[in-house]
Amino acid sequence: MGIDFGDLFEKKEIDLSDLRGKVIAIDAYNILYQFLSIIRQRDGTPLIDSHGEITSHLSGFLYRTTNLIEAGIRPVFVFDGEPPEFKNSTLNERKKIRVEAMVRWEEAKEKGDEAAFKYAQASSQIKGNMIEDAKKLLVLMGLPVIQAPSEGEAQAAFMVRNNDAYAAGSQDYDALLFGAPVIVRNLAVTGKRKLPGMGVYVDIKPQIIELESGLTGLGITREQLVDIALLIGTDYNAGIKGIGPKKALKLIKKHGYIEQALDELGEDIKNLAELKELFLNPAVTSDYELKWKKPDASGIIEFLCIQHDFSEARVSKATERLIEASKDGQQTLDRWF
DNA sequence: CTTATTCA
DNA sequence: TGAATAAGG
């Protein structure tokens with residue numbers, strides 16, 4: 001998923017309260033996929049309503065978003081449009097992995113194997129009404145939902161550059177390549193997370209990465225950062241075997257341009273110019289409106305409890321918190337409602 | 001993941 | 001109370 005810059009960028013740990021009053025353009029696919037992958041039972045089965053529809057993502061969106069708003073954050077959710085053509089091979093590869101994982105999951109479930117969960121996670125697929133349902137819930141919650149023409153991270157980055165948002169929210173680093181001045185990771189409220197393997201709990205705090213100071217620290221330009229990414233490999237190209245973040249940085253600093261670096265390596269990247277363009281000049285739109293509305297409490301209850309079998313007690317509680325928090329926002333933030 | 005419940 | 005565990009749909 002996305003580009004792995006390793007430790008190239010300095011990550012600044014922050015408190016959630018540091019984001020109070022700030023607009024965050026959240027990559028909705030990124031978070032939806034996380035919810036889908038993580039919100040599962042012990043054997044890996046996701047939350048499912050009585051019609052057999054998966055509801056893990058709806059649970060995640062309801063509770064986490066309510067928490068963010070309660071923390072004074074103003075989230076905007078940006079949904080992907082058409083993927084760029086160069087992404088096709090990556091998407092096909094992911095599909096293969098998913099199908100394989102699905103088989104492994106069934107086997108593990110049969111045997112009562114604990115590994116079932118991780119296979120289930122790897123089999124996660126966004127499909128059916130998940131996107132529409134997520135959008136519907138977010139709209140009912142009164143939040144702006146933005147439709148990107150292509151990649152959501154690119155649109156989020158554009159909105160930050162436009163000063164319509166403070167940061168792009170995603171676990172991936174791609175928004176940096178798309179030119180987002182600031183990205184936020186670990187945008188959740190519950191700080192404790194179990195470390196894979198042992199039952200050790202670690203405090204996970206939100207962190208920000210600033211593009212400009214990061215580039216200055218590395219002594220490179222954004223164009224060169226894109227060159228580094230293309231050497232390592234992105235969602236749109238495979239990258240060069242044996243080249244990770246450190247070697248890529250060294251090569252680009254030595255040569256200045258990816259073309260010369262590739263010459264030294266005796267390698268070639270197909271469609272190099274188009275790939276650069278994809279990051280440096282991505283498809284985005286200015287046709288969006290950031291407007292926060294009063295949450296539609298009865299609409300949320302109808303949608304989640306009547307249509308998707310959520311517990312009314314839980315949903316009502318969350319909805320009340322949401323409405324209360326939205327009122328606070330209205331007093332202090334002119335753009336609320 | 002987040003919330004609810006249990007238990008020292 | 002706060003940490004560990006179960007449940008959520």
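Letters A, B, ... mirror the listed sequences (proteins, then strands); counts begin at 1. As the structure is a computational prediction, the values presented were derived from the model and not from experiment.
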ring-ring contact (aromatic ring centres under 6.0 Å, His included): pairs with one or both residues in residues 221-268 of chain A, sequence neighbours excluded: A:Tyr236-A:Phe279
Determine, step by step, whether A:Lys109 and A:Asp113 satisfy the salt bridge (Lys or Arg N to Asp or Glu O under 4.0 Å) criterion, reporting the C-alpha distance in whole Å, the side-chain angles of both residues, the deciding distance to 0.1 Å, and the verdict. CA-CA 6 Å; A:Lys109 221 171 15 174; A:Asp113 189 343; over 6 Å; no
Taking only side-chain N and O atoms of A:Arg64, does any of them lie within less than 4.0 angstrom of OP1 or OP2 on B:dC1? no
Separation of B:dC1 P from A:Arg185 CZ (nearest whole Å): 13 Å
Strand-adjacent residues in residues 36-52 of chain A, judged by heavy atoms under 4.0 Å from DNA chain B: A:Ile38, A:Ile39
Answer with yes or no after comparing the ring centroid distance for A:Phe178 and A:Phe158 against a 6.0 Å cut-off, counting only values under it. no
Rounded to whole angstrom units, what separation is found between the CZ atom of A:Phe310 and the P atom of C:dG9? 6 Å
Let me know the distance between CD of A:Gln121 and C1' of B:dC1, rounded to the nearest Å. 11 Å
Candidates B:dT2, C:dG9, C:dG8 - which lies nearest the side chain of A:Ser59: C:dG8
Stepwise, does the salt bridge (Lys or Arg N to Asp or Glu O under 4.0 Å) test hold for A:Glu223 with A:Lys276? CA-CA 8 Å; A:Glu223 284 74 12; A:Lys276 286 188 193 182; over 6 Å; no
Give the other cluster members for A:Trp105, using side-chain heavy-atom distances under 4.5 Å between Ile, Leu, Val, Met, Phe, Trp and Tyr residues; answer none if it is isolated. A:Met102, A:Tyr119
If you take all heavy atoms of A:Tyr33 and A:Ser124, which pair is closest and at what distance? CE1-O, 3.6 Å
More than 12 heavy atoms of other residues, nucleotides or ligands under 6.0 Å from CD of A:Glu82: is that the case? no
Roughly, in whole Å, what's the span from CG in A:Leu58 to C1' in B:dT3? 16 Å
Got a second to check how far A:Leu187's CG is from A:Leu19's CG, nearest 0.5 Å? 6.5 Å
What distance do A:Ile252 atom CD1 and A:Gln224 atom CD have between them, rounded to the nearest 0.5 Å? 7.0 Å
NA contact type, A:Ser56, heavy-atom cut-off 4.0 Å: base, sugar-phosphate, or nothing? nothing
Distance test, side-chain N/O of A:Asn67 to OP1/OP2 of B:dT3, below 4.0 Å: yes
Could you check how far CG of A:Leu68 sits from C1' of B:dC1, rounded to whole Å? 12 Å
Near DNA chain C, under 4.0 Å by heavy atom, which residues of residues 127-134 of chain A? none
Can you tell me how far apart CD (A:Glu153) and CG (A:Asp80) are? Round to the nearest 0.5 Å. 8.0 Å
Once you round it to whole Å, what is the distance between P of C:dG8 and OH of A:Tyr63? 11 Å
Pairwise N/O distances under 3.5 Å, protein to nucleotides 4-7 of chain B:
from  : atom 1 : to       : atom 2 : distance (Å)
B:dA4 : O4'    : A:Arg314 : NH2    : 3.3

Please collect all ring-ring contact (aromatic ring centres under 6.0 Å, His included) contacts where either partner lies in residues 296-325 of chain A, sequence neighbours excluded, each pair once. A:Phe303-A:His308
Between C1' of B:dT2 and CD1 of A:Ile204, the distance in whole Å: 16 Å
Calculate the interatomic distance between A:Asn30 atom CG and B:dC1 atom P; express it in whole Å. 13 Å
Does A:Phe77 have A:Lys135 sitting over its ring (NZ/CZ under 6.0 Å from centre, angle to axis within 45°)? no
